[in-house]
A.B. asks: 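Starting off with a structure, shown below.
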Amino acid sequence: MAAACQASDNRPITASEIENGSGPADSFQNSIYSRLDSLTGGRKILRKPGIELAIELMDLRLNHGSHGSIIRCMDREKSWFEARIYTADQLTQARAILADVRAGAAVDDAVRLHPDPAGGYIGKHILVAMYRQMVEQGELAEDTGLLRKIRMKPGRTLSGVTTVTVLTAPGSCPGECIFCPQEEAMPKSYLPDEPGAMRAVYHQFDPYDQTMARIEALQAIGHPTDKIELLVLGGTWSTYPNPYQEWFIKRCLDAMNGFDAGSLEEAQLANELAEHRNVGLVLETRPDSIDRDEVRRLRWLGATKIQMGAQSLDDHILVLNKRGHDVQATRIAVRMLRAAGFKIMLHWMPNLLGATLESDAADFLHLWSDEEIRPDELKIYPCQLLRNTELYEIWQQGGYTPYTMEELIDLIVSLKPSIPRYCRVNRIVRDIPSDNVVAGNKRTSLRQDIQRKLTEHGQACSCIRCREVRKAKVDPAALVFDELVYTAGGAEEHFMSVVTPGDQLAGYLRLSLPGEYSPDLQIEDLDGAALIREVHVYGQSLQVGAELEGAAQHIGLGTDLVAKAEKLARDRGYRKMAVISALGTRGYYRKLGYSNGALYMVKVLD
């Protein structure tokens, strides 16, 4: 198995050394070994590559009786794969169900008419498997309408792309946050029974295996996988060794491309025309890890969106919780990332040590009133009290009180209407299984609870997620163009959108016009350029080239928005437009007259 991380004493190492598991261990790997030694009372073990080391750590934790959940998680993941092995009788029944649905029967009615001979009913994943088999064997023509009816969890791709989440190997985070769990066999702050983490553990944190398995799982439940947003979670990305970063991204792309490339650059080039194209790469780091060199490197790796934990905009709260950086670090990082065209997603945590319901309400408003912040996307992660954290010890001594579920719901209900129309709230609580939470809120369905209460109070949230058109058909003639202008980080931001008469969002574009006080990143592609930071058109993700009547993705909204942005930038005196394009969207922008620069797609504005 390829090593997860490898470095040298005083020399750079190549990606091939990582691939082959050669070279001496570096400080990153040694830091994991030091924790391993503490678990074993100083007993030295055979030094192994990073991924194998993670498994060694799991075994040792099991021997100490504190990590049995990892094996339970691996067993659940194994059970999922075993459930995808179908009998001849099941496939026969699935064929009969599909025939009934094609003849006009409702899916649920057809399923009840043809039960599983082994007991129960035929799952939709079996219907999808039978559908794909019939298409491959020429018995059935591609039928997107039929596939849409039998697809499981359609909400996963209603935003227009299919998200694949992978985790980096354990280790590599400089933080000492008191609320973070310290699981030796997991990346810092992650628990082994979180859904995404569970898959990573099962695949031993191997990037290729994680990516391939997730694509296959999504295909198995009927989702298109030709447009992939790759979300890389784990430790602080920027503190992993550079060769590990390059190897990790390359192996994810290898899984999408269907072959092993010789270098990251080769994998990136191949992905432009791959079966599974990368239309977005999201990396997670800390504000104090961002500088000009890091910004350029993130872009070179192919990143289009950066997640960062702001957690609070109160320096006193950050100190109490040992966050390790101040608010100014967040301001500087957001400013630089915006100037480089990245989409910016921040994490905000109510109920940190020292915070109150009143101070949290005031702190939240600073996200929008502070012109240096104003994120494009937000995850609201209420602090959850977990064992194996310093905060747990403080709570045991009476120094911390978690909000009740009712207090938390009321707080967020009061905050949601203040969120600007240019921001998308991706999450309202972290998906941590409730049995890990010691006290306070244990519900993971807070979004639904909050939405229900907003409706009861006659209020509404205008964030992007709450206005997405999703499954609704779109009448192009009824759409209205809307533009919201605001300043952020020295730039003039234009949130250009297309909405329905009911204010549902069909598509949008983020245009950034750098100003006199915007950071100079010394990137030639950006000299004198306006920036398109994002183009997004909503509706069920479809295969490349496929069309669905009334689907927002396929009525030319993106092209129209780009044309409007170019005209605005040209009228304002910008001589060129730069786009932070993902690998899989380069072909789209080439059709619009853009060409490859060093790090961006660029077009001269005549």
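This one's a predicted model, so the numbers in the text were calculated from it and none came from an experiment.
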A.B. asks: Any chance you could lay out the side chain to side chain contact (heavy atoms under 4.5 Å, CB included) test for Gln307 and Leu233, step after step, and finish with the verdict?
C.D. replies: CA-CA 9 Å; Gln307 287 197 71; Leu233 303 178; 3.6 Å; yes

A.B. asks: Given the side-chain rings of Trp348 and Phe364, with only the six-membered ring counted for Trp, is the space between their centroids under 6.0 Å?
C.D. replies: yes

A.B. asks: From the options Thr500, Val499, Val469, select the one residue that forms a side-chain contact (heavy atoms from CB on, under 4.5 Å) with Leu479.
C.D. replies: Thr500

A.B. asks: Is there a side-chain contact between Thr585 and Val579 (heavy atoms, below 4.5 Å)?
C.D. replies: no

A.B. asks: Between Glu372 and Arg335, does any NZ, NE, NH1 or NH2 come within less than 4.0 Å of an OD or OE carboxylate oxygen?
C.D. replies: yes

A.B. asks: Verify side chain to side chain donor-acceptor pair (under 3.5 Å) between Thr285 and Ser238, making sure each step is shown before the conclusion.
C.D. replies: CA-CA 6 Å; Thr285 191; Ser238 301; 2.7 Å; yes

A.B. asks: Does Asp315 reach the main-chain N or O of Asp326 with its side chain, forming a donor-acceptor pair under 3.5 Å?
C.D. replies: no

A.B. asks: One thing to verify: whether Lys250 and Asp254 come together as a salt bridge, which I'm taking to mean a side-chain N less than 4.0 angstrom from a carboxylate O.
C.D. replies: yes

A.B. asks: So Glu176 and Arg323, do their side chains get closer than 4.5 Å, heavy atoms only?
C.D. replies: no

A.B. asks: Test the Arg510-Phe495 pair against the cation-pi criterion, namely NZ or CZ under 6.0 angstrom from the six-membered ring centroid and within 45° of the ring axis.
C.D. replies: no

A.B. asks: Does CD belonging to Glu524 count more than 12 external heavy atoms closer than 6.0 Å?
C.D. replies: no

A.B. asks: Any salt bridge between Arg277 and Asp226, counting N to O under 4.0 Å?
C.D. replies: no

A.B. asks: Output yes when a side-chain donor or acceptor of Arg570 lies under 3.5 Å from a complementary backbone atom of Asp606, and no otherwise.
C.D. replies: yes

A.B. asks: Would Gln245 and Arg297 satisfy side chain to side chain donor-acceptor pair (under 3.5 Å), going step by step from the backbone distance to the final call?
C.D. replies: CA-CA 10 Å; Gln245 296 178 6; Arg297 177 169 176 79; 3.0 Å; yes

A.B. asks: Any ion pair linking Asp370 and Arg331 (charged N to carboxylate O, less than 4.0 Å)?
C.D. replies: yes

A.B. asks: Does a side-chain N-to-carboxylate-O contact under 4.0 Å join Glu483 and Lys564?
C.D. replies: no

A.B. asks: Any ion pair linking Glu468 and Arg424 (charged N to carboxylate O, less than 4.0 Å)?
C.D. replies: yes

A.B. asks: Would you say the side-chain atoms of Thr165 pair up with the backbone N or O of Gly196, donor to acceptor, closer than 3.5 Å?
C.D. replies: no

A.B. asks: Measure from the side-chain N and O atoms of His276 to the backbone N and O of Thr225, and report whether any donor-acceptor pair falls under 3.5 Å.
C.D. replies: yes

A.B. asks: Less than 4.0 angstrom from a charged side-chain N to a carboxylate O is my criterion; do Asp209 and Arg199 meet it?
C.D. replies: no

A.B. asks: Is it the case that over 12 heavy atoms from other parts of the model lie below 6.0 angstrom from the CD atom of Glu371?
C.D. replies: yes

A.B. asks: Going through the checks in order, is the side chain to side chain donor-acceptor pair (under 3.5 Å) test met by Gln311 and His347?
C.D. replies: CA-CA 6 Å; Gln311 318 308 17; His347 301 175; 4.8 Å; no

A.B. asks: Do Thr168 and Tyr240 get their side chains close enough for a donor-acceptor pair, meaning under 3.5 Å?
C.D. replies: yes

A.B. asks: Counting only heavy atoms not in Phe259 (residues, nucleotides, ligands), do more than 12 fall under 6.0 Å from its CZ?
C.D. replies: yes

A.B. asks: So, do Leu511 and Met496 sit near enough that their side-chain heavy atoms are less than 4.5 Å apart?
C.D. replies: yes

A.B. asks: For the aromatic rings, using the six-membered ring if either is Trp, is the centroid distance between Tyr538 and His536 under 6.0 Å?
C.D. replies: yes

A.B. asks: Is the closest basic N to carboxylate O distance between Lys576 and Asp527 below 4.0 Å?
C.D. replies: no

A.B. asks: side-chain hydrogen bond (donor to acceptor under 3.5 Å, both in side chains) with Ser512: which of Arg533, Arg338, Glu492, Glu493?
C.D. replies: Glu493

A.B. asks: Do Glu534 and Tyr508 meet the criterion of a side-chain donor-acceptor pair at a distance under 3.5 Å?
C.D. replies: yes

A.B. asks: Any heavy-atom pair between the side chains of Met345 and Asp376 that's under 4.5 Å?
C.D. replies: no

A.B. asks: Is the number of heavy atoms from other residues, nucleotides or ligands within 6.0 Å of CG (Asp431) greater than 12?
C.D. replies: yes

A.B. asks: Do Val602 and Met577 come close enough that some side-chain heavy atom pair is under 4.5 Å?
C.D. replies: no

A.B. asks: With heavy-atom distances below 4.5 Å as the criterion, would you say the side chains of Met256 and Asn271 are in contact?
C.D. replies: yes

A.B. asks: Any sub-3.5 Å donor-acceptor pair from Tyr600's side-chain atoms to Ala340's backbone N or O?
C.D. replies: yes

A.B. asks: So, do Asp482 and Arg421 sit near enough that their side-chain heavy atoms are less than 4.5 Å apart?
C.D. replies: yes

A.B. asks: Is any side-chain N of the basic residue among Glu377 and Lys305 closer than 4.0 Å to the acidic one's carboxylate O?
C.D. replies: yes

A.B. asks: So, is the end of the Arg430 side chain (NZ or CZ) under 6.0 Å from the ring centre of Tyr190 and within 45° of the ring's axis?
C.D. replies: yes

